[in-house]
Amino acid sequence: MTDGLRALLAEPAPVCAPALLGATIAGRGVTLRITEVEAYWGPTDPGSHGHRGPTPRNRHLFGPPGTLYAYRSYGIHTCVNVVSGPEGTSSGSLLRAAEVVDGIEVARARRGPSVTDVALARGPGNLGQALGAVLGEDDGTSLLDGSGPFRLTLAPGLEARLTAADPADVVAELLRETVAGPVGAARVRRISVGPRTGVAGVAGGATFPWRSWWTGDPTVSAYRRHQRAVD
DNA sequence: CTTTCGATATTCT
DNA sequence: GAATATCGAAAGC
């Protein structure tokens with residue numbers, strides 16, 4: 001693994017998550033470029049699986065940075081998080097959408113022949129299926145050292161920035177480019193930030209605007225408020 | 001277009 | 001028993 005990635009993953013999920021946009025996760029015959037993420041920070045976040053402490057399901061969310069945390073959603077779907085921050089705290093970035101950049105035939109075989117390319121890994125359950133994630137085998141494996149089925153690689157250009165400056169400052173710059181748009185470079189992907197999908201009550205809405213995505217990217221999932229969301 | 005509902009593991013009330 | 005970091009099909013407008 002690289003020092004830049006190590007420095008980024010030392011940060012809690014709300015800092016780390018936006019910098020995972022453009023990173024790739026590769027393994028089981030496919031490579032995905034991440035286009036949408038949500039941060040979950042247990043110590044202050046009622047929406048986090050880890051907010052009330054470790055359980056058999058969520059224990060790897062407390063693991064060392066670079067751990068993969070997989071969980072069963074609604075009893076059916078397998079969703080994938082990148083664990084970051086200090087070991088012993090629950091901090092994860094949920095991978096919500098991605099572009100399939102390699103192994104598109106493999107992804108389509110898993111998702112079905114009628115699914116369009118941009119929808120192959122759109123939504124966290126679909127992303128997990130396109131990856132071929134297996135809950136029992138993959139939960140708790142490393143995304144960094146090659147000992148697990150998947151490997152995480154930073155977006156091009158971020159490695160140098162993350163080793164030259166404080167990662168929190170680099171992420172703040174990335175988000176500033178969100179508001180101002182491309183500064184001088186030929187073409188910079190803009191990042192949008194908003195409330196998390198499917199999270200109800202105070203944990204949703206404006207309290208924790210911890211969903212981030214590539215503005216206008218066709219692989220990003222549609223926002224849906226939770227059924228029982230409160231004002 | 002929007003809303004409803006079934007599938008169902010894990011956790012909390 | 002109810003809610004949940006979801007998805008897709010079916011039904012209603």
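Model, not experiment: these values are computed from the prediction. Chain letters run A, B, ... following the sequence lines, proteins first, then strands; residues in each count from 1.
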Subject >> Touch class at under 4.0 angstrom, heavy-atom based, for Arg211(A) against every strand present >> reply: nothing
Subject >> Side chain of Ile76(A) - closest among dT11(B), dT8(B), dC7(C) >> reply: dT8(B)
**OP:** Indicate, with a heavy-atom threshold strictly under 4.0 Å, whether Asn58(A) touches base, sugar-phosphate, or nothing.
**Re:** nothing
Original post:
Quick one: is dG8(C) close enough that its OP1 or OP2 comes under 4.0 Å of any side-chain N or O from Arg111(A)?
Top reply: yes
**OP:** Determine, step by step, whether Asp217(A) and Arg33(A) satisfy the salt bridge (Lys or Arg N to Asp or Glu O under 4.0 Å) criterion, reporting the C-alpha distance in whole Å, the side-chain angles of both residues, the deciding distance to 0.1 Å, and the verdict.
**Re:** CA-CA 12 Å; Asp217(A) 191 282; Arg33(A) 179 185 293 138; over 6 Å; no
Original post:
Going by modelled atom types, is there a donor-acceptor pair between the base of dA5(C) and the side chain of Tyr71(A) at under 3.5 Å?
Top reply: yes
**OP:** Would you mind telling me which of dG8(C), dT4(C), dA5(C) lies closest to the side-chain atoms of Ala200(A)?
**Re:** dT4(C)
Original post:
In whole Å, what is the span from the NE2 atom of His51(A) to the C1' atom of dT10(B)?
Top reply: 18 Å
Subject >> Thr55(A) side-chain N/O to dT11(B) phosphate OP1/OP2 under 4.0 Å >> reply: yes
Subject >> dA5(C) OP1/OP2 closer than 4.0 Å to side-chain N/O of Arg224(A) >> reply: no
Original post:
Which part of the nucleic acid, if any, lies within contact of Arg57(A), taking any heavy atom under 4.0 Å across all strands shown: a base, the sugar-phosphate backbone alone, or nothing?
Top reply: sugar-phosphate
Original post:
Can you give the dot-bracket line for DNA chain C, where a pair is Watson-Crick or G-U wobble with both atom distances under 3.5 Å, crossing pairs use [ ], and | marks a partner on another strand?
Top reply: ||||.|||||||.
Original post:
With a 4.0 Å cut-off on heavy atoms, is Gly47(A) in touch with a base, just the backbone sugar-phosphate, or nothing at all?
Top reply: base
